Protein chains: 2
Amino acid sequence: MSKIIPVHNESKKESISKNAAKLFRKKGFSATSMRELAVDIGVEASSLYNHIGSKSELLQIICFKVANDFINQINELEQFEIGVTSKLEKIIRFHIHKMLEDYDMVYVANHEWKHLQEPFLKNFLNQRKLYESKLIEMIKLGISEKSIKKLNPEVLTFTILSAVRGLEFWQQHKKNIDIEELEKTMVTQLLTGLIK
Amino acid sequence: MSKIIPVHNESKKESISKNAAKLFRKKGFSATSMRELAVDIGVEASSLYNHIGSKSELLQIICFKVANDFINQINELEQFEIGVTSKLEKIIRFHIHKMLEDYDMVYVANHEWKHLQEPFLKNFLNQRKLYESKLIEMIKLGISEKSIKKLNPEVLTFTILSAVRGLEFWQQHKKNIDIEELEKTMVTQLLTGLIK
DNA sequence: TTACAAAACTAACGCTTATTCGTTTTTAAT
DNA sequence: ATTAAAAACGAATAAGCGTTAGTTTTGTAA
């Protein structure tokens, strides 16, 4: 008989969730079976149900962990008394760090949330919308302060979000570039453009 | 008895593929059943197999249709005798148009390609890599010509690609903004930045 | 009208799915 | 060593999956 062995001091539920995130990212939520997850952990599928309620619950844990992390970060940031563009820079850098550190979970939250069941689906989308509107308000403030170009604030926001959410590309190129260069390039490009 | 009725002069296979793209986008490839697709078309599941070989083939049709469209466009563009930044602008605008016109197919090609079977999976990824390297070369040329800032060319490329691939966000905001403003904002932001 | 091909149908196949059940093993505290 | 809880197991369930086979209906052209 094998055992579910959590690393460090995380709970077994967390341990299973991280394993699930890895598989959900690689194969997608629907294409990942509980049996595969069990094999990956080294246990029988039925044993998992001593620790979790359902496959769906695993997706919930992953998605809301990520959503909360981002919401918390932007809430903290709002307290700071710094300029809008500095805040944007901090947000971009946070996205980069998060994506590189919790790759599997962030990827799954970004790509597999549609498989959440109600009421979690609505809940998740609300949190996302909240995050987006905080960012939009930030940009609008920048425009009114004349530190940001007078362009459509929603488009500006979604372009930034799309760019940082696309950082999953970078897992495969990780070795060829260091994080500081990655951050510098993206911040520069998104804030000041690529044309000289 | 119902019938598969293709619109315009497209084949029944194309008609089924478009329907499939719609469902694959909404629910994901794995979570979409052939029976659901059949209901959506108004026919029995088994009837579909008079026109297509397999569920997997539908995904192939969708992914390679999109991949070819993008490869063709960048090949055409390479002939043009215009500056690097003008080419980049044209590419960004093409992505925007494609995403708005063939939303379902482009979305599926971007998000569900991992469910392609070999050898199609490798094939698809090769085509994507080819497209990306053409773009990277373009940017490198711009840097050597000093029209583009001396930043990491790969990062610059993937940031642009991520931003335009993220245009799926815009399906839900379609009504609130016109395409020309969307294009202008994105081109300006990606090329010249958002800071005044 | 007859004949043939295209495309629909119903029924079923074998397989996989998430999950549950009852039981046994392991772990940890007394 | 005894006991109770935690966590593993194997087997089973009902539902759903992609796909196939055989048959019937439909559309088309002679």
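In what follows, chains carry the letters A, B, and so on, assigned in the order in which the sequence lines appear, proteins first and then strands, with residues in each chain numbered from 1. As a basis for the values below, the full set of heavy atoms in this structure was taken, side chains included, without hydrogen atoms, waters or symmetry mates. Note that the structure is predicted; figures quoted are calculated from it, not measured.
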For atom NE2 of A/His115 and atom P of C/dT17, their distance in whole Å: 15 Å

Which nucleotide in the list C/dC9, D/dG10, D/dA8 gets nearest to the side chain of A/Glu44? D/dG10

Do side-chain atoms of B/Lys18 reach the backbone of B/Asp104 as a donor and acceptor pair under 3.5 angstrom? no

B/Lys114 NZ/CZ over B/Phe124 ring centroid, <6.0 Å and within 45° of normal: no

Output the rounded distance in Å from CG (A/Leu37) to C1' (C/dT17). 14 Å

Could you state the NZ-P distance from A/Lys13 to D/dA6, rounded to the nearest angstrom? 14 Å

Send over the distance from B/Ile52 CD1 to C/dA6 C1', rounded to a whole Å. 16 Å

Over how many whole Å does the gap from A/Leu58 atom CG to C/dA18 atom P extend? 11 Å

Can you see whether B/Lys134 engages B/Asn75 through a side-chain donor-acceptor pair at a distance of less than 3.5 angstrom? yes

Let me know the distance between NZ of A/Lys27 and P of C/dT16, rounded to the nearest Å. 12 Å

Please check the phosphate of C/dA6 (OP1 and OP2 only) for any side-chain N or O of B/His51 closer than 4.0 Å. no

NZ/NE/NH1/NH2 to OD/OE distance under 4.0 Å, A/Glu36 and A/Lys27: yes

Nucleotide by nucleotide, nucleotides 13-19 of chain D touches protein heavy atoms under 4.0 Å in the pattern (B base, S sugar-phosphate only, - none) ----BBB

Just N and O in the side chain of A/Ser47: are any of them under 4.0 Å from OP1 or OP2 of D/dC9? yes

On the side chain of B/Asn50, is there an atom forming a donor-acceptor pair with the base of C/dA6 - under 3.5 Å, no angle test? no

Looking at B/Arg93 and B/Glu180, does any basic side-chain N land under 4.0 Å from a carboxylate oxygen? yes

Six-ring centre of A/Tyr107, A/Lys26 cation under 6.0 angstrom, axis tolerance 45°: no

